[in-house]
Structures are given as C-alpha cells and as structure tokens.
Amino acid sequence: MSLRTFLVASALAAALPLAPAAAQPAPRVGATVTDQNGGTVGTITAVEGDMVIIRTDRHETQLPVTSFTVTDDAVLFGLTQAELNSRIEQALAEAAQAFQVGATVHDRDGAVVGPVEALDAETGTVKFGEQRIRLPRGSVGAAENGLVIGATVAELRAQIAG
C-alpha cells in the first residue's frame, strides 16, 4: 500500500452509518458513489482489502467498506459530497494541529510506529525502530490515541525493504 493523502477511517467512522451486515456485492473501482438522494459523492479509485479509496471533487480519502451500501445498481454513502469534504477538511486540520514533534504515530491497527522527531512544511520525520521515515503530512490523521497512518507496521517494513 502506498502512502497517499487519505482520511484515516477512524476520523469518520463514528459519524458514518454502517452498511447492513447481510452479504452485499463488493464495491468496484470506477463505480460512482452516491448519497441517499442520488447526488454524486465521488468515484471509487481503489479497493484495498476492507478499505475503499474514494475521490470527491476535492479530496481522495480512504474509508472502510462498511461505510457503504453496495447493491447491483449503486454504491450508496450516508453523507453528501459537501458533508464528506467538510469532514475530511476538519480531520486534516485536526491532524495538522496534532502533528507535532514528540507526538506518537500509530498504524491503522493501533500499533505504535514511533514518535515524530522533526517537521517541515511537507513532511514529518518519524523514528521507526532504528530508522527514520518521512511521512507526508497529508498521510497522517488525528485519532483518539494520537496520530495514525493508513498503513500497518508490516506494510511500512515491506515498503522500506522494497
């Protein structure tokens, strides 16, 4: 999984309705996501496991597949495009404020990645074991336990090794 600008799912999960537990078709790349009134929310650009990457008119964000109701004819989402954009912008602002030297970065599963050691206008340097990794500011979100990224520790290790 490459690091990209995304909204960490936990930043929105509490506010989004969950899809029914019954089996439903899988979301597919290229599908248009609509709100409950039929308005366009965005387009699915990727499906990675239990996460869906959706592109609105202003943002690309990663959300859990359970945030969507998928039918044979539509992919429905509980927010309008404007509401989703607003929540993304709020989450990015909170993350920017929380992205400070000394803050702890966690992976999407809650495991500790490491502390932020330095910041510049575009990135933050995080101590990851004995290594230092630079994370784009847009790839870090605020969460209840500090900062969070969309990758797991294992995925970070694989990216570094590759």
Side-chain angles (χ1 to χ4, degrees), residues 1-19 27 33-37 39-69 75-129 131-157 159-160:
M1 171 183 194
S2 64
L3 292 175
R4 70 185 76 164
T5 302
F6 69 92
L7 176 66
V8 177
S10 62
L12 284 177
L16 299 176
L18 296 179
V33 177
T34 57
D35 62 33
Q36 295 174 353
N37 296 320
T40 299
V41 176
T43 303
I44 295 175
T45 60
V47 178
E48 299 175 352
D50 61 350
M51 303 302 286
V52 172
I53 312 298
I54 179 176
R55 177 88 183 132
T56 71
D57 62 332
R58 294 195 309 241
H59 301 285
E60 186 168 75
T61 189
Q62 177 174 279
L63 297 166
V65 71
T66 56
S67 298
F68 303 87
T69 298
V75 179
L76 302 173
F77 188 66
L79 300 174
T80 66
Q81 185 179 74
E83 290 168 332
L84 180 58
N85 281 334
S86 175
R87 293 198 184 177
I88 291 169
E89 288 157 9
Q90 179 182 358
L92 291 172
E94 289 171 2
Q97 186 174 9
F99 202 3
Q100 301 295 324
V101 172
T104 301
V105 176
H106 297 84
D107 75 0
R108 70 172 178 245
D109 295 332
V112 173
V113 174
V116 177
E117 291 190 331
L119 294 169
D120 62 34
E122 301 295 320
T123 65
T125 301
V126 176
K127 184 176 182 192
F128 181 52
Q131 298 180 333
R132 292 336 181 250
I133 57 174
R134 292 181 62 181
L135 300 175
R137 284 181 174 262
S139 70
V140 179
E144 289 181 19
N145 63 346
L147 299 171
V148 65
I149 59 172
T152 65
V153 167
E155 290 168 338
L156 286 174
R157 285 190 182 116
Q159 284 184 346
I160 290 169

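The structure presented is a predicted model; accordingly, all values stated were derived computationally and were not measured.
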S.K.: Determine, step by step, whether Val41 and Leu79 satisfy the side chain to side chain contact (heavy atoms under 4.5 Å, CB included) criterion, reporting the C-alpha distance in whole Å, the side-chain angles of both residues, the deciding distance to 0.1 Å, and the verdict.
M.R.: CA-CA 8 Å; Val41 176; Leu79 300 174; over 6 Å; no

S.K.: State the CD1-CD distance between Ile88 and Glu83, to the nearest 0.5 angstrom.
M.R.: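 Between Ile88 CD1 and Glu83 CD, I get 12.0 Å after rounding to 0.5 Å.
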
S.K.: Quick check for you: to the nearest 0.5 Å, what is the distance between Thr56 atom OG1 and Leu84 atom CG?
M.R.: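 Atom-to-atom, Thr56:OG1 and Leu84:CG are 6.0 Å apart.
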
S.K.: For Pro136 and Thr123, which heavy atoms make the closest approach, and how far apart are they?
M.R.: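 Answer, listing the atom of Pro136 first, then Thr123: CA-CG2, 4.2 Å.
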
S.K.: Please list all pairs meeting side chain to side chain donor-acceptor pair (under 3.5 Å) that have one or both residues in residues 88-102, counting only residues at least two apart or in different chains.
M.R.: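 Applying side chain to side chain donor-acceptor pair (under 3.5 Å) to every pair that reaches into residues 88-102, excluding sequence neighbours, yields Arg58-Glu89, His59-Glu89, Gln90-Glu94.
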
S.K.: Distance check, rounded to the nearest 0.5 Å: Gln62 atom CD versus Thr45 atom OG1?
M.R.: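 One finds 10.0 Å between CD of Gln62 and OG1 of Thr45.
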
S.K.: Checking side chain to side chain contact (heavy atoms under 4.5 Å, CB included) for the pair Glu155/Asp107: CA distance, chi angles, key distance, verdict?
M.R.: CA-CA 9 Å; Glu155 290 168 338; Asp107 75 0; over 6 Å; no

S.K.: So which atom in Glu60 and which in Arg55 form the shortest heavy-atom distance, rounded to 0.1 Å?
M.R.: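 Scanning both residues completely, I find the closest heavy atoms to be N-NH1, 3.1 Å.
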
S.K.: For the atom pair CD1 (Ile54) and CG (Leu63), what is the distance rounded to the nearest 0.5 Å?
M.R.: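 Going from the CD1 atom of Ile54 to the CG atom of Leu63 covers 7.0 Å.
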
S.K.: Does any non-hydrogen side-chain atom of Leu156 lie less than 4.5 Å from one of Ile149?
M.R.: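 Yes, close enough: below the 4.5 Å cut-off.
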
S.K.: Are Val65 and Val47 side-chain neighbours, meaning at least one heavy-atom pair lies under 4.5 Å?
M.R.: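 In short, these two side chains do not touch, never coming nearer than 4.5 Å.
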
S.K.: For Asp35 and Asn37, indicate whether the former's side chain and the latter's backbone hold a donor-acceptor pair under 3.5 Å.
M.R.: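 Present.
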
S.K.: Is there side-chain contact between Thr34 and Leu76, with heavy atoms separated by less than 4.5 Å?
M.R.: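 Yes, their side chains come closer than 4.5 Å.
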
S.K.: Closest heavy-atom contact between Leu147 and Ala142?
M.R.: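 Closest pair (atom of Leu147, atom of Ala142, distance): CD2-CA, 4.4 Å.
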
S.K.: In the structure I gave you, are the side-chain heavy atoms of Phe68 and Ile44 within less than 4.5 Å of one another anywhere?
M.R.: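 Side-chain contact under 4.5 Å: no.
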
S.K.: Begin with the C-alpha distance, continue with both residues' side-chain angles, and end with the deciding distance and a verdict on side chain to side chain contact (heavy atoms under 4.5 Å, CB included) for Val153 and Val113.
M.R.: CA-CA 6 Å; Val153 167; Val113 174; 4.2 Å; yes

S.K.: Are side-chain heavy atoms of Phe128 and Ile160 found at a separation under 4.5 Å?
M.R.: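 The answer is yes; the side chains approach within 4.5 Å.
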
